[in-house]
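Below is one structure, written out as structure tokens, with a few remarks after it.
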Number of protein chains: 2
Amino acid sequence: MTKRPADPTNGSAPAARQVPMRDFSRSLPMSLLRAREAVMRQFRPSLREHGLTEQQWRILRALASIEAAEVTELARTAFLLGPSLSRILRDLEARNLIERKTAKADQRRSMVSISKEGVKLMASVAPTSEAIYAEITSRFGARKLAELQEMLGELEQSLAGLGAGNEASAEE
Amino acid sequence: MTKRPADPTNGSAPAARQVPMRDFSRSLPMSLLRAREAVMRQFRPSLREHGLTEQQWRILRALASIEAAEVTELARTAFLLGPSLSRILRDLEARNLIERKTAKADQRRSMVSISKEGVKLMASVAPTSEAIYAEITSRFGARKLAELQEMLGELEQSLAGLGAGNEASAEE
DNA sequence: CGGAGATACTTAACATGTTAAGTGAATGCG
DNA sequence: CGCATTCACTTAACATGTTAAGTATCTCCG
């Protein structure tokens with residue numbers, strides 16, 4: 001077992017010496033991926049016991065906090081792409097955890113809300129979930145956690161409107 | 001439209017008032033997810049133009065830096081689960097971007113290495129990729145970037161060996 | 001030597017990520 | 001009004017994430 005802790009200086013890696021590139025394992029995307037995985041690993045078992053995936057849980061939480069919402073709004077809140085959300089809502093509806101009804105004013109839109117059962121399920125998961133979050137906060141440090149989230153927000157901000165690319169040129 | 005900026009006190013939301021929970025959108029997993037997505041959004045178009053997904057690119061980079069590796073080692077380096085890696089290697093091999101040969105000493109293991117074509121493809125992608133990384137570094141700030149990665153690493157460390165749970169008790 | 005148990009992968013099955021296309025309902029404009 | 005556009009979703013298709021099984025090897029101990 002022993003985990004083998006990343007091995008910094010890597011020693012070897014003789015051939016393929018052309019494109020240096022940052023040590024791959026230290027790239028920003030990898031750092032973010034690993035950090036997130038380390039966090040999620042804590043929550044998944046508990047969610048799983050309640051028959052929920054991470055994304056389903058995100059949707060329930062989002063719905064519990066905004067009462068009812070259109071699909072598009074929900075996608076933005078839960079940070080899911082439309083197609084994923086569409087599938088998940090279909091399943092959650094089949095399990096009676098959410099309810100859906102098309103808006104009268106605009107037949108295209110549908111309002112989604114959490115059901116009584118959904119609320120009940122959330123109530124049964126929330127305590128454990130909160131406890132885990134508290135443990136994480138305690139281990140990492142509340143202050144550092146706040147700082148980290150601050151930086152993550154800034155990173156997001158600094159990249160906003162970059163990938164859009166064709167913001168006002170080339171019409172493809 | 002108007003975005004509706006999170007709305008702290010949430011005003012409404014009369015029902016479901018039981019479990020407060022942190023404002024969902026500010027949870028650590030969400031912060032990490034959004035930050036990572038903001039970053040990856042920059043790279044995906046370029047990778048896509050070269051017919052590569054994010055994961056395939058991770059594997060090629062990993063292979064380029066370690067010459068040859070067993071599947072398990074590669075999985076650890078590229079931070080992919082075995083099953084994902086298995087599928088991706090099958091595809092990359094079919095595209096002649098990697099090569100595989102079973103180890104003589106242990107028929108179970110197979111050594112994977114990047115092919116000449118693979119190296120060529122990497123060379124064609126790397127410049128753009130590096131340019132994007134440089135732009136991100138410049139926008140966010142090199143120093144802050146280093147700090148952020150430092151914190152992410154610490155977060156990972158502080159959670160290491162927590163999720164393992166049954167470390168030395170309950171045999172399920 | 002032989003077979004139980006551990007290893008290193010690979011398959012399978014189901015859920016989501018990601019992009020493109022499809023569908024039905026609103027809108028805008030001539 | 002008529003119809004091309006735009007909208008809000010949903011489907012489709014392919015790739016990966018995630019957990020559980022399956023397969024061939026290898027190890028080790030009796």
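Not measured: the values here are computed from a predicted model. Convention: sequence-line order gives letters A, B, ...; per-chain numbering from 1.
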Ignoring the backbone of [X], work out which of [options] is nearest its side chain.
X	options	result
A/Gln55	D/dT16, D/dT11, C/dG17	C/dG17
A/Thr72	D/dC9, D/dT10, C/dC9	D/dC9
A/Asp106	D/dT16, C/dA25, C/dT18	C/dA25
A/Ile88	D/dA20, C/dC9, C/dT16	C/dT16
B/Leu81	D/dT18, C/dT16, C/dA8	D/dT18
B/Gln107	D/dC9, D/dC26, C/dA20	D/dC26
A/Thr53	D/dT18, C/dA15, D/dA15	C/dA15
A/Pro83	D/dT16, C/dT19, D/dT19	C/dT19

Report the residue (A/Arg48 or A/Gly82) whose heavy-atom-nearest nucleotide on DNA chain D is the more 5′ of the two.
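Looking at the nearest nucleotide for each, A/Gly82 comes out on the 5' side.
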
Which residue lies toward the 5' end of DNA chain D, B/Ala103 or A/Leu89, if each is placed at its nearest nucleotide?
A/Leu89

Mind listing the closest non-hydrogen atom pair of [X] and [Y] along with its distance?
X	Y	result
A/Arg95	A/Gly51	NH2-O, 2.9 Å
A/Ser31	B/Gln149	OG-NE2, 3.1 Å
A/Arg61	B/Ser27	NH1-CB, 4.5 Å
B/Ser46	B/Ile132	CB-CD1, 4.3 Å
B/Ala78	B/Ile59	CB-CG1, 4.3 Å

Under 4.0 Å between a side-chain N or O of B/Ser84 and OP1 or OP2 of D/dA15?
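Result: no.
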
A/Arg100 side-chain N/O to D/dT10 phosphate OP1/OP2 under 4.0 Å:
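Checking A/Arg100 against D/dT10: at least one side-chain N or O falls below 4.0 Å of OP1 or OP2.
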
Rounded distance in Å - [atom1] ([X]) to [atom2] ([N]):
X	N	atom1	atom2	answer
B/Ile59	D/dT16	CD1	C1'	10 Å
A/Leu47	C/dT16	CG	P	12 Å
A/Arg41	D/dT18	CZ	P	9 Å
A/Leu80	D/dC9	CG	C1'	15 Å
A/Arg44	C/dC14	CZ	C1'	15 Å
A/Leu92	C/dA15	CG	C1'	12 Å
B/Glu37	C/dT16	CD	P	17 Å
A/Lys104	C/dA26	NZ	P	14 Å

Within a radius of less than 6.0 Å around NZ of A/Lys120, do more than 12 heavy atoms belonging to other residues, nucleotides or ligands occur?
no

Heavy atoms under 4.0 Å, any strand shown: does A/Leu85 hit a base, just sugar-phosphate, or nothing?
nothing

Tell me if the side-chain of B/Arg87 makes a donor-acceptor pair with the base of D/dG17, cut-off 3.5 Å, by modelled atom types.
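Yes, the side chain and the base share a sub-3.5 Å donor-acceptor pair.
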
I'd like to know if A/Arg108 reaches the base of D/dC7 with its side chain such that a donor and an acceptor end up less than 3.5 angstrom apart.
yes

Check for a donor-acceptor pair, side chain of B/Ser129 on one end and backbone N or O of B/Val125 on the other, with a separation under 3.5 Å.
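Not a single qualifying donor-acceptor pair exists.
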
Read 5' to 3' with Watson-Crick or G-U pairs under 3.5 Å, [ ] for crossing pairs and | for partners on another strand, DNA chain C gives ||||||||||||||||||||||||||||||

Checking side chain to side chain contact (heavy atoms under 4.5 Å, CB included) for the pair A/Ile136/A/Phe43: CA distance, chi angles, key distance, verdict?
CA-CA 11 Å; A/Ile136 292 175; A/Phe43 292 99; 3.8 Å; yes

